[in-house]
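Along the sequence shown, residues are numbered consecutively beginning with 1.
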Amino acid sequence: MGALLEAKHVSKIFGGLVAVDDVDMTIEKGDIYGIIGPNGAGKTTFFNICSGFYTPTSGSIYLEESRISGLPCDRIARMGIARTFQNIQLFRYMTVLENIKIGFHINTRTNLFDAILQSRRYREDEAMIEEKGAQILKEVGLSGYAYTMAGNLPYGVQRKVEIARALALEPRIVLLDEPAAGMNPRETDSLMEFMVMLKEKGYTIAVIEHDMKFVMNSCNHILVLNFGRKICEGTPEHVKDDKGVQEAYFGKGLIAERGVAYA
């Protein structure tokens with residue numbers, strides 16, 4: 001369908017530490033794209049470069065034809081990259097709909113004085129984000145939670161709400177940082193189905209995840225990092241059978257003695 005997000009020879013060095021080392025990546029429109037690797041492999045640092053939290057030491061990130069590396073985070077968000085984090089960051093004492101409405105903040109015209117004076121522009125923006133927030137919840141099957149306090153939701157539903165809030169940015173791609181962390185198997189399976197549903201609705205998703213079964217069963221393409229370097233990229237079947245990937249996760253001695261299963 002065409003490249004949406006690309007990394008070209010991206011490196012990031014912190015002092016003497018090479019966290020990301022000459023990484024290339026291409027995410028196609030409509031993909032669920034997984035980024036995996038052992039602890040300390042550079043996955044989150046790479047995500048932070050893609051979303052503008054870090055500027056690469058060398059190399060470039062492109063969103064379609066536009067070079068975005070070095071741009072401020074808010075500008076990158078406006079261009080169409082939404083992001084969630086490892087720890088859920090919902091407002092616990094606000095309703096689900098109110099949390100979703102916050103996601104529209106970069107698309108409103110209201111300023112501080114409009115909010116204080118309850119101006120016509122403020123009222124129009126409030127009506128707009130109320131309607132669009134309800135549409136997003138309906139689209140992703142969360143309408144039943146609209147007026148529930150976010151802190152009262154089960155953990156797995158909170159994660160879905162956080163992803164739904166990212167959709168309020170009307171993104172071209174959504175970056176999910178370990179969305180299944182801390183979930184039980186039933187919640188993980190439900191999240192997998194949720195991601196596949198978003199793909200079917202036209203969203204493009206990139207996901208960092210430690211749960212190998214989750215990645216293998218939900219992603220179309222996978223990038224494997226180890227010590228900051230790309231050691232493999234391809235379909236789940238290709239990655240699963242790659243000897244370098246098996247050594248990175250299990251060590252040379254173990255893979256010589258036994259088969260490796262991810263499903």
Next on the checklist: Checking the side chain of T57 only, and the main-chain atoms of I13 only, is there a donor and an acceptor separated by less than 3.5 Å?
Outcome noted: yes

Next on the checklist: How about CZ on F104, more than 12 heavy atoms from neighbouring residues, nucleotides or ligands closer than 6.0 Å, or not?
Outcome noted: yes

Checklist entry - Going by heavy atoms in the side chains, are L167 and L198 under 4.5 Å from each other? => result yes

Checklist entry - Quick check: are there more than 12 heavy atoms from other residues, nucleotides or ligands sitting under 6.0 Å from CD of Q118? => result yes

Checklist outcome for this item: Closest non-hydrogen atoms of P179 and R159, given as atom of the first, atom of the second and distance, are O-NE, 3.0 Å

Next on the checklist: Does M216 form a side-chain contact (heavy atoms from CB on, under 4.5 Å) with V239? I'd like the steps, not just the answer.
Outcome noted: CA-CA 9 Å; M216 291 293 170; V239 168; 3.9 Å; yes

Checklist entry - Can you name the closest pair of heavy atoms from V245 and C232 and give their distance? => result CG2-CB, 3.6 Å

Checklist entry - Is any side-chain heavy atom of K160 less than 4.5 Å from a side-chain heavy atom of V140? => result no

Item to check | Step-by-step side-chain contact (heavy atoms from CB on, under 4.5 Å) determination, Y33 to I173 | outcome: CA-CA 10 Å; Y33 188 97; I173 184 169; over 6 Å; no

Item to check | Check: R165 and F91 side chains under 4.5 Å, non-hydrogen atoms | outcome: yes

Next on the checklist: If you define the side chain from C-beta out and look only at heavy atoms, does anything of V161 sit under 4.5 Å from Y145?
Outcome noted: no

Item to check | Salt bridge flag under 4.0 Å for residues E237 and K240 | outcome: no

Checklist entry - Is the closest basic N to carboxylate O distance between E64 and R172 below 4.0 Å? => result yes

Next on the checklist: If the condition is side-chain contact (heavy atoms from CB on, under 4.5 Å), which residues does A146 pass it with, not counting sequence neighbours?
Outcome noted: L97, L137

Item to check | Geometric cation-pi criterion K12 and F14, 6.0 Å radius, 45° cone | outcome: yes

Item to check | Atom pair NZ/CG of K29 and L5 - distance to nearest 0.5 Å | outcome: 12.0 Å

Checklist entry - Okay, side chain of S143, backbone of K138: is any donor-acceptor separation there less than 3.5 Å? => result yes

